[in-house]
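Just so you know, these numbers use all the heavy atoms, side chains as well, and skip hydrogens, waters and symmetry mates. The chain is numbered in sequence order, starting from 1.
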Amino acid sequence: MKMITSIIRPYKLDEVRDALARAGVSGITVTEVRGFGRQKGHTELYRGAEYVVDFLPKLKVEVVVPDDLLDAVLEEIQRSARTGNVGDGKVFVTGVDQVIRIRTGELDADAL
């Protein structure tokens, strides 16, 4: 099993969620986060004063999938989150050793 952590633009969430459902993902976790990469923030104007926004709002979307769904899910995330501009985000894939459903005690793929 793999955990896929995606950092995406907030307005792309609905597209990513729909794409994940099409790929067979049954559940996701979404967290509001702030950060920067190559984009390095931007300058905004408020009441005539210019100020720098160093950390941009993003969403962190986490899913755990069986190995056989990995490639399809990665393709769907990239396709649905991409705008072609700097700041589209990143996708991280990490291994998951064990999953336990607390309510039933089911393990691994059965717990997903």
Side-chain angles (χ1 to χ4, degrees):
M1 289 177 294
K2 302 291 186 206
M3 175 178 278
I4 302 170
T5 304
S6 307
I7 308 298
I8 64 169
R9 296 175 186 269
Y11 66 87
K12 292 299 235 170
L13 178 61
D14 289 337
E15 289 178 56
V16 171
R17 182 185 61 213
D18 293 343
L20 289 172
R22 280 193 306 273
V25 173
S26 59
I28 68 172
T29 300
V30 178
T31 310
E32 292 182 8
V33 296
R34 300 178 67 74
F36 70 90
R38 289 186 183 160
Q39 207 172 0
K40 302 281 193 257
H42 64 277
T43 305
E44 289 190 2
L45 198 61
Y46 179 72
R47 293 189 177 183
E50 198 173 270
Y51 66 99
V52 176
V53 178
D54 291 330
F55 294 96
L56 300 171
K58 301 287 183 177
L59 293 179
K60 179 165 63 168
V61 178
E62 297 172 301
V63 298
V64 177
V65 298
D67 290 333
D68 61 328
L69 285 182
L70 179 64
D71 292 334
V73 170
L74 289 175
E75 286 177 27
E76 288 293 334
I77 291 170
Q78 291 177 74
R79 184 192 55 73
S80 59
R82 180 179 294 129
T83 67
N85 298 316
V86 173
D88 276 352
K90 298 268 191 301
V91 179
F92 305 95
V93 180
T94 54
V96 174
D97 294 329
Q98 188 173 31
V99 177
I100 303 170
R101 184 183 308 248
I102 295 173
R103 179 177 54 86
T104 62
E106 292 172 298
L107 298 174
D108 301 330
D110 294 332
L112 297 178

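Rounding to the nearest 0.5 Å gives a distance of 11.0 Å between OG of Ser6 and NZ of Lys60. Taking CD of Gln98 as the reference point, atom CG of Leu107 lies at 5.5 Å (rounded to 0.5 Å). For the atom pair CG (Asp97) and CG (Asp108), the distance works out to 9.5 Å, reported to the nearest 0.5 Å.
Taking each heavy atom of Lys58 and Arg9 in turn, the nearest pair found is NZ-CG, 4.3 Å. Closest non-hydrogen pair, Asp67 versus Lys2, comes out as OD1-CG, 3.4 Å. The two residues Thr83 and Lys12 have their closest heavy-atom pair at CG2-CE, 3.7 Å.
Taking the side-chain contact (heavy atoms from CB on, under 4.5 Å) definition, one finds that Val99 meets it with Met1, Val64, Val96, Ala111, Leu112, sequence neighbours left out. Shown here are the salt bridge (charged side-chain N to carboxylate O under 4.0 Å, His left out) partners of Arg79, two or more places apart in sequence or in another chain: Glu76.
In this structure a side-chain-to-backbone donor-acceptor pair under 3.5 Å is missing from Arg82 to Asp88.
Counting Ile, Leu, Val, Met, Phe, Trp and Tyr side chains that sit under 4.5 Å apart, directly or through other members, Val63 shares a hydrophobic cluster with Ile4, Ile8, Leu13, Val16, Leu20, Val25, Ile28, Val30, Leu59, Val61, Val65, Leu69, Leu70, Val73, Leu74, Ile77, Val91, Val93.
Within 6.0 Å of atom CD in Glu32, 12 or fewer heavy atoms from other residues, nucleotides or ligands are found, so the atom counts as exposed in its surroundings.
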